[in-house]
Amino acid sequence: MPWPGRATRATTVLLALLLTGCTAVVRHDAPAAPHDGTLALLWTRTSAEHRALFLQIFDHAASRLSELRPRAKRASWGVILDVDETIFDDSDFRLWRLGHPYEEGAFEEWCTHERARALPGAQRFLDYVHALGGRIVLVTNRSERVCEHTRANLRRENLRYDALLCRRSSKDKNERFLAVQSGREPSPLPPLEIVMWLGDNIEDFPNLKQAHLHDPNDPVFARFGRDFFVLPNPVYGSWLKNPMR
């Protein structure tokens, strides 16, 4: 299937209307319903709320960063961010594949086109981290096969960073988080004190899983808005496996 250019808003709206003509009753104890992503994609690509949320979250993170940054020498500390749906907008890929199940091969093909766009506020936030003297480490589950294309796409969007750690085998990011903090392979940087994490998936944060939702008193949620910042992504994520409640 050839990859088209950027779709118009009208195309997305039409697809949403075509796919939302019926409703279904969902049992609260049933597994999550199939998620075609149409309305989520419409919201992501066209809503003022999506843009406002990204700007708001990055602005809040920047304000917190000015308080959290160590008073140590420059480049001794850093921030870890996810890539897709955190600083990169991949909704063009999702629109291209609308109605088709996710396939990693198709996503990697799309990555080779280097067409992802910077999300609102991302460039300004990254520049601010550097202005404060911090390092930026991007930990992504894009595979090593498309890592060079990802670097080229980041350059094209003027998204500055210091290290990009793609997936070599496991999708669990915790080993890469520890590598960044300890200064060992695959991180190319010396040990860093990580003062903030940003991502769109609960698994973009150290040792967190969807299961944390089951304990409403889990103290980990107090970290969000302090040194953890989550960006909105209603299109896909580990949450899709959660049962309906």
Side-chain angles (χ1 to χ4, degrees), residues 32 40 44 50 53-70 76-90 118-122 125-126 128-129 132 134-143 150 154 159 161-184 186-187 189 191-242 245:
T44 296
H50 179 268
L53 277 170
F54 270 82
L55 293 173
Q56 173 181 293
I57 293 165
F58 277 123
D59 185 64
H60 184 191
S63 296
R64 283 292 297 157
L65 191 61
S66 63
E67 302 171 11
L68 293 174
R69 61 171 175 151
S76 65
W77 60 276
V79 173
I80 289 179
L81 301 96
D82 177 47
V83 173
D84 296 303
E85 317 317 330
T86 298
I87 61 173
F88 265 175
D89 178 353
D90 295 327
L119 281 158
F125 177 76
L126 297 182
Y128 187 66
V129 176
L132 292 180
R135 295 286 189 100
I136 295 165
V137 182
L138 307 179
V139 179
T140 176
N141 275 336
R142 288 187 175 206
S143 76
T150 302
L154 288 162
L159 296 172
Y161 65 97
D162 297 287
L164 173 67
L165 277 60
C166 293
R167 173 174 54 86
R168 294 181 177 179
S169 54
S170 173
K171 290 188 175 182
D172 188 334
K173 294 183 174 182
N174 286 293
E175 287 191 10
R176 282 172 280 168
F177 293 158
L178 291 173
V180 173
Q181 292 169 296
S182 62
R184 59 178 170 80
S187 176
L189 302 174
L192 294 177
E193 177 185 353
I194 301 302
V195 300
M196 186 175 288
W197 277 262
L198 295 93
D200 67 289
N201 189 320
I202 198 71
E203 295 177 3
D204 293 329
F205 302 90
N207 301 310
L208 296 191
K209 299 287 184 183
Q210 288 293 328
H212 281 85
L213 172 70
H214 302 321
D215 180 3
N217 298 315
D218 193 321
V220 72
F221 286 104
R223 297 186 65 177
F224 286 91
R226 296 183 180 180
D227 60 333
F228 289 176
F229 287 85
V230 64
L231 287 304
N233 177 8
V235 180
Y236 67 92
S238 58
W239 58 270
L240 282 171
K241 296 179 181 178
N242 292 344
R245 289 177 174 270

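Numbering starts at 1 and runs along the sequence shown.
- Heavy atoms only, all atoms of each residue included: Gly199 and Phe205 are closest at N-CZ, 3.6 Å.
- Closest approach of Ser238 to Asn201, counting heavy atoms only: OG-OD1, 2.8 Å.
- The closest donor-acceptor contact from the side chain of Arg135 to the backbone of Gly78 lies at 3.5 Å or more, if one exists at all.
- Residue Glu85 holds its CD atom at 7.0 Å from CZ of Phe54, rounded to the nearest 0.5 Å.
- To the nearest 0.5 Å, atoms CG (Asp204) and CH2 (Trp197) are separated by 12.0 Å.
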Quick one, Leu138 with Ile87, criterion side chain to side chain contact (heavy atoms under 4.5 Å, CB included). Give me CA distance, side-chain angles, the key distance, then yes/no. CA-CA 10 Å; Leu138 307 179; Ile87 61 173; 3.9 Å; yes
Can you check side chain to side chain contact (heavy atoms under 4.5 Å, CB included) on Asp82 and Leu231, steps first, answer last? CA-CA 10 Å; Asp82 177 47; Leu231 287 304; over 6 Å; no
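- Nearest heavy atom pair, residue Leu154 against residue Tyr161, reads CD1-CE2, 3.6 Å.
- Across every non-hydrogen atom of Met196 and Ala61, the tightest pair is CE-O, 3.4 Å.
- Side chains of Arg168 and Pro186 form a contact here, defined as non-hydrogen atoms less than 4.5 Å apart.
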Under the criterion side chain to side chain contact (heavy atoms under 4.5 Å, CB included), I'd like the reasoning laid out for Val220 against Leu208: C-alpha separation, chi angles, the key distance, then a yes or no. CA-CA 9 Å; Val220 72; Leu208 296 191; 3.4 Å; yes
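- Aromatic ring pairs are classed by plane angle as parallel below 30°, tilted from 30° to 60° and perpendicular above 60°; the pair Phe125 and Phe58 is tilted.
- Counting only N and O atoms by type, the side chains of Arg142 and Thr140 include no donor and acceptor under 3.5 Å apart.
- Annotation for Pro70 and Trp77: closest pair CD-CG, 3.3 Å, computed over non-hydrogen atoms.
- A heavy-atom distance below 4.5 Å is found between the side chains of Val83 and Leu164.
- Between the side chain of Asn174 and the backbone N or O of Asn207 there is at least one donor-acceptor pair closer than 3.5 Å.
- With rounding to the nearest 0.5 Å, the separation of CG in Asn233 from NE2 in His50 is 7.5 Å.
- Here the straight-line distance linking atom CG of Asp84 with atom CG of Asp90 works out to 4.0 Å at 0.5 Å rounding.
- Heavy-atom minimum distance, Gly121 versus Leu55: N-CD2, 3.6 Å.
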Under the side chain to side chain contact (heavy atoms under 4.5 Å, CB included) criterion, do Leu178 and Arg184 qualify, and how do the steps go? CA-CA 8 Å; Leu178 291 173; Arg184 59 178 170 80; 3.7 Å; yes
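- Between Phe228 and Phe224, the two ring planes are perpendicular [angle over 60°; tilted spans 30° to 60°].
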Salt bridge (charged side-chain N to carboxylate O under 4.0 Å, His left out) between Asp227 and Arg64, worked out: CA-CA 8 Å; Asp227 60 333; Arg64 283 292 297 157; over 6 Å; no
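- In this structure, the side chain of Asn141 engages the main chain of Lys171 through a donor-acceptor pair within 3.5 Å.
- Not one N or O on the side chain of Asp59 forms a donor-acceptor pair closer than 3.5 Å with the backbone of Ala62.
- Rounded to the nearest 0.5 angstrom, Gln210 CD and Glu203 CD are separated by 7.0 Å.
- Cys166 SG to Arg176 CZ: the interatomic distance, rounded to the nearest 0.5 Å, is 8.0 Å.
- Within the 3.5 Å criterion, the main-chain N or O of Ala40 finds a donor-acceptor partner in the side chain of Thr44.
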